[in-house]
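All remarks here apply to the structure that follows.
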Amino acid sequence: MKERAVRKNIWSRLAYGYLRLLEKTVRIEWQQPEQFSGNNVVGFWHEDSFAMNLVLKAGKKDSVSVLVTPDEQGEYLRYLLKKCGGQAVGIGYGFCNAGTLKEILESLKAGNQSVAVAMDGPFGPRHIPKKLTYFLSEKSRAELVGITVSYSRAITLSGRWDHGHIPLPFSKITVRFDNYGVAACQRPPQIRLYQDERNCSIMSADRLLTQRGTVFEGISTGLAGQRQRI
């Protein structure tokens with residue numbers, strides 16, 4: 001256990017050191033930043049979790065809290081967020097406990113806080129949004145803003161379920177904001193996946209996917225033998 005904790009501490013410090021390098025060398029381009037009001041439910045793909053630390057710090061979004069799970073991965077993200085000046089809110093697998101959920105909704109209703117969540121996290125399936133994102137928007141009446149992150153050069157961790165992206169130094173990160181308005185679990189926003197998933201984006205579309213059906217279809221796909229997490 002002690003060796004595992006030491007290794008985790010080393011990897012966390014290395015990851016933060018790499019983030020500092022990226023902060024000095026990466027150029028961030030913003031698209032449609034006016035779509036973000038400062039009082040939104042912010043959705044992004046889990047594959048962009050590492051880069052979101054840079055996005056939050058560069059955007060000086062001090063009023064954005066990021067939802068993280070109470071496990072080793074959550075602790076790792078919490079460490080990076082804290083070092084980058086961000087805020088982390090611990091949630092369980094699935095919906096938050098009643099107290100935490102109440103606090104999140106109250107902060108959103110107050111109008112001076114945003115909450116960011118990996119829409120397909122923490123365990124996938126990849127690019128299938130979970131209900132929690134829509135639930136928070138519906139109950140708080142805060143508009144859902146999707147963040148698309150694209151990279152001029154990055155490493156893709158294809159061995160992970162989310163195909164996580166790690167940007168390379170001296171590259172460009174493009175951050176796009178798309179406002180969906182107040183979302184609802186029964187009337188989810190239209191989210192399009194490009195056929196080439198390397199260009200996958202959270203964007204407005206003219207119609208729902210016909211290939212995958214609604215955004216909830218297939219949530220249980222690939223989860224056989226695991227406990228259901230929504």
Side-chain angles (χ1 to χ4, degrees), residues 32-49 52 55-56 61 63-70 74 86-149 162 176-193 200-210 212-221 223 227-230:
Q32 304 183 159
E34 70 280 359
Q35 299 286 315
F36 177 78
S37 70
N39 177 220
N40 299 108
V41 175
V42 179
F44 59 94
W45 295 132
H46 197 276
E47 63 195 36
D48 298 314
S49 296
M52 282 299 293
V55 172
L56 290 170
K61 299 296 186 289
S63 61
V64 179
S65 297
V66 183
L67 304 187
V68 298
T69 49
Q87 305 176 49
V89 176
I91 60 173
Y93 297 118
F95 281 90
C96 318
N97 64 57
T100 302
L101 181 58
K102 182 179 179 181
E103 290 178 5
I104 292 172
L105 291 176
E106 286 180 348
S107 67
L108 286 168
K109 290 177 181 178
N112 57 2
Q113 182 76 18
S114 291
V115 172
V117 56
M119 296 182 70
D120 54 348
F123 301 108
R126 183 173 181 248
H127 296 166
I128 302 296
K130 303 293 179 66
K131 291 182 180 179
L132 177 60
T133 309
Y134 304 138
F135 177 86
L136 292 174
S137 177
E138 180 178 14
K139 296 303 180 182
S140 68
R141 308 305 296 170
E143 295 179 335
L144 171 62
V145 172
I147 289 187
T148 300
V149 184
D162 63 351
R176 173 179 170 133
F177 297 82
D178 289 284
N179 191 310
Y180 291 94
V182 176
C185 292
Q186 299 304 317
R187 299 182 302 278
Q190 298 176 5
I191 295 178
R192 191 179 86 187
L193 300 184
C200 178
S201 174
I202 300 177
M203 296 179 62
S204 298
D206 295 331
R207 58 187 175 80
L208 290 173
L209 289 172
T210 57
R212 291 197 182 186
T214 69
V215 292
F216 298 118
E217 206 170 38
I219 282 182
S220 60
T221 302
L223 294 182
R227 60 180 176 179
Q228 185 178 2
R229 303 181 179 93
I230 298 178

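We use all heavy atoms of the structure for the numbers below, so side chains are in, but hydrogens, waters and symmetry mates are not. Counting begins at 1 with the first residue of the sequence.
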Side chain to side chain contact (heavy atoms under 4.5 Å, CB included) partners for Ala183, two or more places apart
Tyr134, Ser137, Leu144, Pro189
Measuring only between side-chain heavy atoms, which start at C-beta, is Trp45 closer than 4.5 Å to Pro129?
yes
4.5 Å side-chain heavy-atom contact, Leu136 and Leu101
yes
Answer yes or no: is there a donor N or O on one side and an acceptor on the other, between the side chain of Gln113 and the main chain of Ser63, under 3.5 Å?
yes
Working to the nearest 0.5 angstrom, can you tell me the gap between Gln87 CD and Ser107 OG?
9.5 Å
According to side chain to side chain contact (heavy atoms under 4.5 Å, CB included), who are the partners of Gln32, at least two apart in sequence or on a separate chain?
Glu34, Gln35, Arg176, Asp178
Let me confirm one number: the CG-CZ distance from Leu105 to Arg141, rounded to the nearest 0.5 Å.
12.5 Å
Working note: Val55 + Asp48, criterion side-chain contact (heavy atoms from CB on, under 4.5 Å); need CA distance, chi angles, decisive distance, verdict.
CA-CA 10 Å; Val55 172; Asp48 298 314; over 6 Å; no
Would you give the length of the straight line joining atom CG of Leu67 to atom CD1 of Ile104, rounded to the nearest 0.5 angstrom?
5.0 Å
State whether the side chain of Asn40 and the backbone N or O of Glu143 hold a donor-acceptor pair below 3.5 Å, judged by distance alone.
yes
Could you list the residues that satisfy side chain to side chain contact (heavy atoms under 4.5 Å, CB included) with Ala118, not counting sequence neighbours?
Phe44, His46
Enter the distance from Lys139:NZ to Cys185:SG here, rounded to the nearest 0.5 Å.
7.5 Å
Distance (rounded to the nearest 0.5 Å) between Tyr180 OH and Thr133 OG1:
11.5 Å
Are any non-hydrogen side-chain atoms of Phe36 and Val64 less than 4.5 angstrom apart?
yes
Closest approach of Asn112 to Asn39 (non-hydrogen atoms, all atoms of both residues):
N-ND2, 4.2 Å
Rounded to the nearest 0.5 Å, how far apart are CD1 of Ile147 and CG of Leu56?
7.0 Å
